[in-house]
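In what follows, chains carry the letters A, B, and so on, assigned in the order in which the sequence lines appear, proteins first and then strands, with residues in each chain numbered from 1.
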Protein chains: 2
Amino acid sequence: MKSEDELSTGPWALLALQRATHRTLQALAASLAELDLTASEINTLANLADGRGRTVRQLSLDTGTRGTTLTGVLDRLERRGYLTREPNAADRRSFRIALTESGRGVARRVREAVADVERTALAGVSPRQLDGYRAVLAALQEASR
Amino acid sequence: MKSEDELSTGPWALLALQRATHRTLQALAASLAELDLTASEINTLANLADGRGRTVRQLSLDTGTRGTTLTGVLDRLERRGYLTREPNAADRRSFRIALTESGRGVARRVREAVADVERTALAGVSPRQLDGYRAVLAALQEASR
DNA sequence: TATTGTTATACTCTATAACTATA
DNA sequence: TATAGTTATAGAGTATAACAATA
């Protein structure tokens, strides 16, 4: 717990953000160890798990991952048969990333693991606090463009 | 903006967390480009900026960075003259990481950049929302041990 | 001219395990 | 025996710049 003084005078919101991200990511990777996925792969699959196809650009915005990083991540997931890059008729420069049958299975397990962590963690949190969390994250993102 | 349906049924708290972390980190590194620091180095310096010495272990807990990663980060920062590893009389297995004079200067600038982002981002956020944010981050970390 | 996505390079971060010194 | 910190290795993530294809 930080001192009152620090909370009021020093920056803490971003430090806490990073700490929480590192921790939850490590916990998530551990709970999904059997699937042998990296943090970025988990992040990517969790985003794709809703079944909506996305372009690489959209996925990059959704995950916060750089395009150049995403190329490698998608390469590995494609090689493992979890997704495909389909031509995009609407814009022939881009692809639509779509989960395969087996990709959907893996993505579902990832999504469940993510949901599990959230359920456990947020059990004692009020809707109002959750709302504040969402608002602050949105504000941080908005200020970082 | 996500659909109502997704907010109520799917996991979003961790996905939003990762997205926000990536974004703010990129913005921070860009605003501190002249200092030529990586995200981890920024995180480390921002934590040390309060002037309190720490062991590597404590720093690892504070930043969420792995010990093995921290060794390299500290190596580089030490080589640049920003910090020193001082013997720790209390426990001779460990070191106390302390900022040097020039390290304090750099850390101050890092801390100011972090504070700037926070001020800008959180200008329109209420204390109550900020409180919810803090509570949720704490809950996520607690559930990830 | 600008954007989408990939490639290339060099460096940083991570996981894992082994190792030394100290507790 | 356990912990603090480092080292070693291999793979993954990053910034940056350049590139082809398309808009």
Margin query: Taking only side-chain N and O atoms of His22(A), does any of them lie within less than 4.0 angstrom of OP1 or OP2 on dT14(C)?
Written below: yes

Item checked: Touch class at under 4.0 angstrom, heavy-atom based, for Thr55(B) against every strand present -> sugar-phosphate

Checklist line | Upstream residue (5' side of DNA chain D) when Arg57(B) and Asp91(A) are each assigned their closest nucleotide | finding: Arg57(B)

Next item on the list: Provide, to the nearest angstrom, the distance between the CD1 atom belonging to Ile42(A) and the P atom belonging to dG13(D).
Entry: 10 Å

Next item on the list: Could you pick out which residue, Arg76(B) or Gln58(A), lies toward the 5' side of DNA chain C when each is mapped onto its nearest nucleotide?
Entry: Gln58(A)

Checklist line | Under 4.0 angstrom between Ser40(B) side-chain N/O and dC13(C) OP1 or OP2 | finding: yes

Next item on the list: Identify which one of Leu83(B), Val106(B), Leu99(B) satisfies the side chain to side chain contact (heavy atoms under 4.5 Å, CB included) criterion when paired with Leu77(B).
Entry: Leu83(B)

Margin query: In whole Å, I'd like the distance from the CZ atom of Arg66(B) to the P atom of dT16(C).
Written below: 8 Å

Note to self: With a 3.5 Å cut-off and heavy atoms only, can you find an N or O donor on one side and an acceptor on the other between the side chain of Arg93(B) and the base of dT3(D)?
What the structure shows: yes

Next item on the list: Determine the contact category for Asn88(B): base if any of its heavy atoms lies under 4.0 Å from a base atom, sugar-phosphate if only primed atoms, P, OP1 or OP2 are that close, otherwise nothing.
Entry: nothing

Notebook entry, point to check: Is the shortest side-chain N/O distance from Thr71(B) to OP1 or OP2 of dT6(D) below 4.0 Å?
Noted result: yes

Next item on the list: Using atom CG of Leu74(B) as one end and atom P of dA4(D) as the other, report the distance to the nearest whole Å.
Entry: 15 Å

Check: Expressed in angstrom and rounded to an integer, what is the separation of Leu61(B) atom CG from dT3(D) atom P?
Finding: 13 Å

Margin query: I want to check one thing: is the phosphate of dG13(D), taken as OP1 and OP2, less than 4.0 Å away from some side-chain N or O of Thr38(A)?
Written below: yes

Next item on the list: Check the distance between dT14(D)'s C1' and Leu32(B)'s CG and give it to me in whole angstrom.
Entry: 17 Å

Item checked: d(CG, Leu70(B); C1', dT3(D)) in whole Å -> 16 Å

Check: On DNA chain D, nearest-nucleotide positions of Ala29(B) versus Arg92(A): which is more 5'?
Finding: Ala29(B)

Note to self: For Thr21(B) and Thr21(A): C-alpha separation, side-chain torsions, deciding distance, then whether side-chain hydrogen bond (donor to acceptor under 3.5 Å, both in side chains) applies.
What the structure shows: CA-CA 7 Å; Thr21(B) 300; Thr21(A) 300; 2.6 Å; yes

Next item on the list: Measure the shortest side-chain to side-chain distance between Thr84(B) and Phe95(B) over non-hydrogen atoms and say whether it is less than 4.5 angstrom.
Entry: no

Next item on the list: Mind checking Thr65(B) for me? I need base, sugar-phosphate or nothing, with any heavy atom below 4.0 Å counting as a touch.
Entry: sugar-phosphate

Note to self: Between Thr63(B) and Asn43(B), is there a side-chain donor-acceptor contact under 3.5 Å, judged purely by atom types and distance?
What the structure shows: no

Checklist line | Nearest-Å distance for atom pair CG/C1', residues Asp75(A) and dG5(C) | finding: 11 Å

Notebook entry, point to check: Which is true for Thr69(A) with a 4.0 Å heavy-atom rule: it touches a base, it touches only sugar-phosphate, or it touches nothing?
Noted result: base

Check: So Tyr133(B) and Tyr133(A), would you call those rings parallel, tilted or perpendicular, with 30° and 60° as cut-offs?
Finding: parallel

Next item on the list: Examine dT6(C): is either OP1 or OP2 under 4.0 Å from a nitrogen or oxygen in the side chain of Arg85(A)? Give yes or no.
Entry: yes

Margin query: Does this structure show an ion pair linking Asp116(A) with Arg119(A), if we count only N-O contacts that are shorter than 4.0 Å?
Written below: yes

Notebook entry, point to check: Rounded to whole angstroms, how far apart are CD1 on Ile97(A) and C1' on dT6(C)?
Noted result: 12 Å

